[in-house]
Protein chains: 2
Amino acid sequence: MASKAGNRASIHDVASHAGVSAATVSKFLHGVSTIKAANVEKIKAAILALDYRPDPLAADLRRARRNIIGLIIPDLQSEFFGALASRFETLAEKEGYSLSIASSHESEDRELELVERMSSWRVAGTILAPVRSERGTGAGRMKELGMDGVFVDRVNSDTEYDTIGVDNAKASAEVCRMLSNIGHRHVLLLGLGQVSKNVRLRVSAFQQEALRFCPEMQIDVILTTGGVDDLRVKLGEQLDREPPTAVYSLFQKTTLIALSEFRRRGLSCPKDISLIGFDDADWMQVTYPAVSAVVQPVERLADSAFAQLIARLNGSKDPALSHLENCELVIRESVGPISRRQGVERWAAT
Amino acid sequence: MASKAGNRASIHDVASHAGVSAATVSKFLHGVSTIKAANVEKIKAAILALDYRPDPLAADLRRARRNIIGLIIPDLQSEFFGALASRFETLAEKEGYSLSIASSHESEDRELELVERMSSWRVAGTILAPVRSERGTGAGRMKELGMDGVFVDRVNSDTEYDTIGVDNAKASAEVCRMLSNIGHRHVLLLGLGQVSKNVRLRVSAFQQEALRFCPEMQIDVILTTGGVDDLRVKLGEQLDREPPTAVYSLFQKTTLIALSEFRRRGLSCPKDISLIGFDDADWMQVTYPAVSAVVQPVERLADSAFAQLIARLNGSKDPALSHLENCELVIRESVGPISRRQGVERWAAT
DNA sequence: ATGAAAGCGCTAACAC
DNA sequence: GTGTTAGCGCTTTCAT
């Protein structure tokens with residue numbers, strides 16, 4: 001595994017081997033067609049003979065702008081951001097860029113560093129999925145540095161940058177109507193961890209839609225930062241004291257917790273209680289009952305964001321766009337109409 | 001969001017602003033201490049005044065070798081590789097490299113392309129997690145190109161490159177002994193999808209250990225490429241016909257399937273049947289019963305591989321190392337000793 | 001249709 | 001201590 005480095009052929013080597021100038025080789029490489037056929041052959045031969053492969057970084061150094069797009073995500077380990085990164089990678093390649101992926105590890109300080117680095121690298125554009133939209137450390141720095149880019153996912157609309165997210169509010173309103181339509185009049189919203197703007201929207205949109213569409217619906221909210229165990233306790237108390245007929249879980253993790261607490265208490269889902277969760281996962285199709293979920297359109301999110309970025313890189317001066325992609329409700333076994341048993345209890349209670 | 005690009009200060013701007021030469025500024029930036037205090041101040045002032053930030057790519061162009069480490073993983077969406085990438089990123093930064101992450105999307109062709117690209121970029125070293133160890137397209141090309149690097153995860157030992165993986169065989173043997181110790185004499189191994197070397201090891205090591213440690217153990221194997229539904233059917237047949245007392249699931253996904261099939265059939269876990277899966281996941285702690293798992297030491301895997309790479313980059317000429325990290329068995333509720341009921345059936349059967 | 005020359009931003013000898 | 005010079009590998013006018 002010795003370093004056989006240092007002897008790579010350069011464009012000049014190719015040129016002299018082919019008996020032409022470096023400029024001609026460069027033109028050949030970029031598909032300029034006005035080259036004598038004889039020279040084309042000689043150049044091809046030289047490239048083959050010397051096993052020449054161009055150095056994209058050197059090329060970028062000469063050009064004003066690098067053929068690199070930077071992506072900053074909060075977390076490399078979650079499936080959501082993994083899928084997002086994966087899609088961006090595919091899109092970037094297709095446009096002739098390469099994607100430089102970095103994770104801020106949910107740290108605003110590191111996010112800031114990464115923005116600086118993308119700027120140092122003179123990337124063509126930067127896609128930022130902020131740690132949290134609220135303070136926007138990285139976002140602010142991008143403005144100061146005059147960088148081209150777009151914001152994704154946990155974003156507020158912005159005056160300078162295009163923002164592309166997922167319509168948390170609309171999805172929650174739909175969940176509300178759907179549950180109401182099949183008879184549910186008492187729903188528990190279940191959340192965990194630090195509350196981002198996205199999550200606040202999930203709650204408030206549900207509540208507002210209920211007010212408008214089904215005012216008699218009782219809505220309870222459990223939203224703890226106390227961790228899994230604390231949530232389990234609080235959920236357990238609620239299930240014992242005043243069980244709702246449906247639970248709308250705001251995170252993947254809380255969906256899991258709800259499911260396991262139902263089982264522990266012998267609540268049959270969906271007969272005794274329905275469950276729907278925000279954010280889909282593979283395992284939800286395979287549990288028994290299969291779990292209903294709000295599916296985030298990761299690919300469309302990526303596609304929109306990327307299209308927008310490319311437009312900017314091509315010089316679009318349109319006012320900053322603020323776009324939300326629609327989620328899809330996938331109803332699986334865990335959601336059903338309220339049953340006779342639930343109905344009876346309800347009538348008894350009123 | 002106009003491109004305010006093109007006007008970035010270069011090291012020469014700083015130099016002239018400070019009244020020194022570019023070389024001096026460069027030295028200052030690299031912490032060379034033999035610079036007149038007065039000049040240090042002037043340089044600092046100039047950097048501040050011009051908001052100068054160096055271009056690491058230009059620097060790397062001049063140096064023989066870039067301060068970049070390439071990482072090629074099969075998949076950006078799985079938690080396992082996500083965690084691996086995340087860890088490598090942290091380690092690389094700590095050593096002053098930046099990590100360039102790319103996904104081969106489980107395609108050998110793309111893996112090959114990515115190896116070529118890493119070479120084109122003249123990265124200092126490349127960490128390759130191959131799509132499959134068997135044919136080793138990317139690995140072969142790395143040799144041909146004389147690249148520095150290490151192989152991770154789905155690897156055979158190699159004569160030229162260090163290989164770092166996880167000890168699938170040892171973990172499986174442990175699972176076998178553990179199940180045997182608590183009385184299980186009929187175990188079903190459950191797998192899905194294309195069978196890689198890792199998976200073959202999981203099966204054969206279990207079988208061999210049984211032969212040595214508990215020859216009377218009956219081992220059935222269901223290993224289908226027919227997809228989830230096919231697996232469900234086959235598993236169902238087995239559970240009806242000749243139910244084992246324990247299932248050792250070879251993948252995360254099959255663990256989920258096993259769990260849901262148990263439930264559908266009213267099998268109580270672990271009373272009627274025990275379950276342990278290869279590869280841990282968050283959701284396994286939170287199901288009811290919580291699922292036992294073979295935990296892969298992702299961080300240690302990354303740490304070992306990275307240490308080895310750094311050693312190579314620093315010129316180590318030791319013979320290629322082949323290292324396996326040990327997994328850990330985490331026993332949760334889903335595994336228990338065989339119960340009286342199972343015992344009775346067993347005696348009746350013999 | 002091709003080449004000479006200049007330079008992207010930086011570093012590394014070596015001279016002073 | 002510091003500056004000069006030469007160039008990393010490539011692209012790009014601008015002549016020819």
Side-chain angles (χ1 to χ4, degrees), chain A residues 3 5-44 46-47 50-68 96 98 117 119-124, chain B residues 5-44 46-47 50-68 96 117 119-124:
Chain A
S3 281
N7 47 1
R8 295 268 239 94
S10 84
I11 198 170
H12 286 108
D13 302 328
V14 175
S16 53
H17 187 106
V20 297
S21 81
T24 307
V25 178
S26 176
K27 279 169 192 141
F28 166 79
L29 291 172
H30 293 286
V32 174
S33 48
T34 60
I35 300 180
K36 254 204 313 217
N39 281 338
V40 168
E41 291 316 313
K42 280 196 275 183
I43 293 173
K44 280 184 182 163
I47 289 177
L50 302 176
D51 188 27
Y52 168 72
R53 273 152 314 119
D55 183 333
L57 261 41
D60 280 357
L61 178 60
R62 180 56 229 267
R63 282 192 278 260
R65 184 223 250 173
R66 318 262 207 250
N67 261 332
I68 300 175
S98 40
R117 170 181 315 178
S119 166
S120 292
W121 279 4
R122 288 155 166 82
V123 298
Chain B
N7 46 3
R8 297 269 239 94
S10 84
I11 198 170
H12 286 108
D13 302 329
V14 175
S16 54
H17 187 106
V20 298
S21 80
T24 307
V25 178
S26 176
K27 278 169 193 143
F28 165 80
L29 291 173
H30 293 283
V32 174
S33 46
T34 60
I35 301 180
K36 250 205 314 218
N39 282 337
V40 168
E41 291 316 313
K42 280 195 275 181
I43 293 172
K44 279 184 181 162
I47 289 178
L50 303 176
D51 188 26
Y52 168 73
R53 272 152 316 120
D55 183 335
L57 262 41
D60 280 357
L61 178 59
R62 181 59 231 268
R63 282 192 278 260
R65 183 224 253 172
R66 320 260 206 251
N67 259 334
I68 300 175
R117 170 182 314 178
S119 165
S120 291
W121 280 4
R122 289 160 165 79
V123 297

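Below, read A as the first sequence line, B as the second, and so on, with proteins coming before strands; counting in each chain starts at 1.
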Taking all non-hydrogen atoms of both residues into account, name the closest pair between [X] and [Y] and its distance.
{"X": "F28(B)", "Y": "K44(B)", "value": "CZ-CG, 3.8 Å"}
{"X": "P56(A)", "Y": "S120(B)", "value": "CD-O, 3.7 Å"}
{"X": "I68(B)", "Y": "V123(B)", "value": "O-CB, 3.5 Å"}

Please state how far atom [atom1] in [X] lies from atom [atom2] in [N], giving the value in whole angstrom units.
{"X": "I11(B)", "N": "dT4(D)", "atom1": "CD1", "atom2": "P", "result": "14 Å"}
{"X": "D13(B)", "N": "dC10(C)", "atom1": "CG", "atom2": "P", "result": "9 Å"}
{"X": "D55(A)", "N": "dT11(D)", "atom1": "CG", "atom2": "P", "result": "10 Å"}
{"X": "R62(B)", "N": "dC8(D)", "atom1": "CZ", "atom2": "C1'", "result": "6 Å"}
{"X": "H12(B)", "N": "dC8(C)", "atom1": "NE2", "atom2": "P", "result": "9 Å"}

(message) Counting only side-chain heavy atoms from C-beta out, which of dT11(C), dG9(D), dC10(D) sits nearest to Y52(A)?
(response)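 It is dC10(D).
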
(request) For the pair N39(A) (side chain) and K36(A) (backbone), establish whether a donor and an acceptor sit closer than 3.5 Å, ignoring hydrogens and angles. (result)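 Not a single qualifying donor-acceptor pair exists.
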
(message) Keeping R8(A) on the side-chain end and Y52(A) on the backbone end, is there a donor-acceptor pair under 3.5 Å?
(response)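 No.
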
(message) Whether S26(A) contacts dC10(D) is assessed here as follows: a side-chain N or O lying under 4.0 Å from the phosphate OP1 or OP2. Is that the case?
(response)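 False: S26(A) side-chain N/O out of range (4.0 Å or more) of dC10(D) OP1/OP2.
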
(message) Under 4.0 Å from OP1 or OP2 of dT11(C): is there any side-chain N or O of H30(B) that close?
(response)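 Checking H30(B) against dT11(C): at least one side-chain N or O falls below 4.0 Å of OP1 or OP2.
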
(message) On DNA chain D, compare the nucleotides closest to R63(A) and L61(B); which residue's is nearer the 5' end?
(response) L61(B)

(message) Need one value for P56(A): base, sugar-phosphate or nothing, where a base atom within 4.0 Å counts as base even if backbone is also close, heavy atoms only.
(response) nothing

What's touching nucleotides 1-3 of chain D from the protein side, N or O pairs under 3.5 Å?
from: dG1(D); atom 1: O3'; to: K36(B); atom 2: N; distance (Å): 3.4
from: dT2(D); atom 1: OP1; to: N39(B); atom 2: ND2; distance (Å): 2.2
from: dT2(D); atom 1: OP2; to: K36(B); atom 2: N; distance (Å): 2.8
from: dG3(D); atom 1: OP2; to: S21(B); atom 2: N; distance (Å): 2.7
from: dG3(D); atom 1: OP2; to: S21(B); atom 2: OG; distance (Å): 3.3
from: dG3(D); atom 1: OP2; to: T24(B); atom 2: OG1; distance (Å): 2.7
from: dG3(D); atom 1: O6; to: K27(B); atom 2: NZ; distance (Å): 3.0

